[in-house]
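As the structure is a prediction and not an experimental result, all values here were calculated from the model.
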Amino acid sequence: MARMNRRTWLEQTSAAALPLLMTNVTSTAAPAARKKLPVAAIVTEYTPTSHADVLVGKILQGFEQQGGAGPDLYLASLYTDQVPERDISRELSRKYQFPIAPTIEEAITLGTGQVQVAGVLSVGEHGKYPHTPKTNQHMYPRKRFFDEIAATFKKCRKSVPVFNDKHLGYRWRDAREMVDTSRKMGFPLMAGSSLPLTWRKPALTLPENCEIESVLTIGRGNFEAHGFHALEAQQSLIERRKGPTGVTAVQTARGKQIWEAERQNLWSRPMLQAALDVIPDVAKGDWENILRDDSAFFFLEHQDGLKSTVAMANRLSRFYSVAVKLRGQKTPLATWFKLDLNPPFGHFAYLLKAIEHMIHTGQPAYPVERTLLTTGILDAVMHSLAANGKRLETPQLAIDYQYGNWTFANQHTKQGT
């Protein structure tokens, strides 16, 4: 489907803006209601169950995406970088009367030359984009999206909070530049996975300033796309420990290398078992026969001397969990990060609540430095895998930050929010 030209889009914007504004005024007439704020969504593609759908769709259709309660946000405009055959954004635009912008700048300004939204959601996930030739990293245009968003802010001399879905970019220098730019320009930036905000079974938060002896996280799926989720789940737990949070070296093992790594004491069977014990439907049989080349372990050396393992254990489990052994305790603590694997993918609602908080308050719900760190770890992991498991020093990842106290799904439920 061809994109609209600018003139056609401006005509549509003029027609659509008034109903949106009138709906907003009507919906906030009750004294107890909080005003719904306008957002622009910048997405790679908008297809069923894509990240655009499970995030932006909850703004349009409520948290359950069937009407009903949703965030105190409304979609003022949408930019789609690609329009595949399965696109649903055009149909939704007609139904909910929001304009589809031909450029990122016009999605933010509504063609007025001024920032017209209170926040921007950048969803650079899904779509047909190339991979890097050596490391097979998916070159999603997250940095390009960010650069065009920041350029619009600079041109208009006004900025608003920005959320970047998943890792900040496929390469470290992009992520570093994005965070540095947001600081220099003074606008709030959040990014990351939905896993730190989903249900934990059991509900586990580590004590502040705890000391950790060992950590092992289980993940599954694609080493880059899903390995990021595992890294974020782990970091969201262990960032509360005493000492610096950065990572000094990364090493990987794949297939048969996993067992050689065990002989070198790079990972622990009891810790892997502790992480498996809290999740359902674990494959039965010898691990050596189950974990093949489609599985990989990531070994991280942290600034404070901690060593952690992320086990992308494909065909052993379909889930994510983390086991942590605190100093002085005999038995590891462990929790399963439960995901809603069918529409409406309810765990994304809790990520959207965090985004909503930032847009309304101007304060990130959790630090972007967490995702800056996990983005850098993931980039190093992909380079190590491409180099047959080579250990890589990561002095650039000496990132120390103060963790946040934003709640995860279990706590939202208890609080009735």
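- Annotation: side chain of Leu78 is in contact with side chain of Phe98 (closest heavy-atom distance under 4.5 Å).
- A 4.5 Å side-chain heavy-atom check between Gln65 and Asp53 finds at least one atom pair inside the cut-off.
- Contact of the His131 side chain with the Tyr170 side chain is not registered, since no non-hydrogen atoms from C-beta on lie closer than 4.5 Å.
- Between Lys242 and Asp304 no salt bridge is recorded (no basic side-chain N to carboxylate O distance below 4.0 Å).
- For the 3.5 Å distance criterion, the side chains of His302 and Thr248 fail to qualify, holding no donor opposite an acceptor.
- In this pair, Phe187 and Phe146 present their aromatic rings tilted. The plane angle is within the 30 to 60° band.
- For Gln137 and Thr135, the side-chain atoms include at least one donor-acceptor pair closer than 3.5 Å.
- Contact record, Gly169 with Thr375: O-CG2, 3.3 Å, taken as the closest heavy-atom pair.
- Salt bridge absent: Arg254 and Asp293 never bring a charged side-chain N and a carboxylate O closer than 4.0 Å.
- Using modelled atom types, no side-chain atom of Tyr401 and backbone atom of Val368 make a donor-acceptor pair closer than 3.5 Å.
- Note that CD1 of Ile108 is 4.5 Å distant from OG1 of Thr152, once rounded to the nearest 0.5 Å.
- A salt bridge links Glu369 with Arg183: the distance from a Lys NZ or Arg NE/NH1/NH2 to an Asp or Glu carboxylate oxygen falls below 4.0 Å.
- Remark: aromatic rings of His51 and Phe348 are close, center separation under 6.0 Å.
- The aromatic rings of Phe299 and Phe297 sit perpendicular to each other, their planes meeting at more than 60°, with 30° as the lower class boundary.
- Between the side chains of His126 and Ser50, not a single donor N or O lies within less than 3.5 Å of an accepting N or O.
- Judged by distance alone, the side chains of Thr109 and Glu105 never bring a donor and an acceptor atom under 3.5 Å apart.
- Scanning both residues, Leu392 and Ser384, for their nearest heavy atoms gives CD1-N, 3.6 Å.
- Side-chain contact check for Glu45 and Thr47: at least one donor-acceptor pair (N or O, by modelled atom type) lies under 3.5 Å.
- Classification of Asp174 and Arg171 as a salt-bridged pair holds, one side-chain N sitting under 4.0 Å from a carboxylate O.
- Of all non-hydrogen atoms in Gly362 and Pro188, the two that sit nearest each other are O-CG, 3.2 Å.
- The stretch residues 110-133 participates, sequence neighbours left out, in these salt bridge (charged side-chain N to carboxylate O under 4.0 Å, His left out) pairs: Glu125-Arg142, Glu125-Lys166.
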* Derivation and outcome, side-chain contact (heavy atoms from CB on, under 4.5 Å), residues Thr374 and Leu378 -> CA-CA 6 Å; Thr374 55; Leu378 182 65; over 6 Å; no
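- Proximity of a side-chain donor or acceptor of Ser268 to a complementary backbone N or O of Met271 within less than 3.5 Å is detected.
- Relative orientation of the Tyr79 and Phe145 rings is perpendicular, given thresholds of 30° and 60° on the angle between their planes.
- Phe223 has its side chain out of reach of Val310: every pair of non-hydrogen atoms, C-beta onward, lies at least 4.5 Å apart.
- Between atom CD1 of residue Ile42 and atom CG of residue Asp81 there is a gap of 10.0 Å, rounded to the nearest 0.5 Å.
- Between the side chain of Ser321 and the main chain of Ile279, no donor-acceptor pair closer than 3.5 Å is present.
- Both the sub-6.0 Å distance and the 45° axial angle are satisfied by Lys353 relative to the ring of Phe63.
- Taking the six-membered ring where the residue is Trp, Tyr129 and Tyr140 present perpendicular rings, their angle passing 60° and hence far from 30°.
- Closest approach of Ile100 and Ser93 over heavy atoms only: CD1-CB, 3.8 Å.
- Considering CD1 of Ile238 and CG of Leu300, their distance stands at 7.5 Å, rounded to 0.5 Å.
- In this structure, the separation between CD on Glu232 and CG on Leu195 is 8.5 Å, given to the nearest 0.5 Å.
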Review item, side-chain donor-acceptor pairs of residues 205-214, under 3.5 Å, at least two apart:
residue: Glu208; atom: OE1; partner: Tyr403; partner atom: OH; Å: 2.4
residue: Glu211; atom: OE1; partner: Arg327; partner atom: NE; Å: 3.2
residue: Glu213; atom: OE1; partner: Lys325; partner atom: NZ; Å: 2.8

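- If you take CE on Met190 and OG on Ser122, they are separated by 13.0 Å, rounding to the nearest 0.5 Å.
- Within the 4.5 Å cutoff, side-chain heavy atoms of Trp267 are placed close to those of Ile258.
- Residues Glu239 and Thr245 come closest through the heavy atom pair O-CG2, 4.1 Å.
- Stacking of Arg220 on the aromatic ring of Phe319 is not recorded, the 6.0 Å distance cut-off and the 45° axial limit not both being met.
- Gln257 and Asn388 form a side-chain donor-acceptor contact under 3.5 Å, judged by distance and modelled atom types alone.
- Between Phe337 and Phe408 the shortest side-chain heavy-atom distance does not fall below 4.5 Å.
- Between Lys184 and Asp180, no side-chain nitrogen of the basic residue sits less than 4.0 Å from a carboxylate oxygen of the acidic one, so the salt-bridge criterion is not met.
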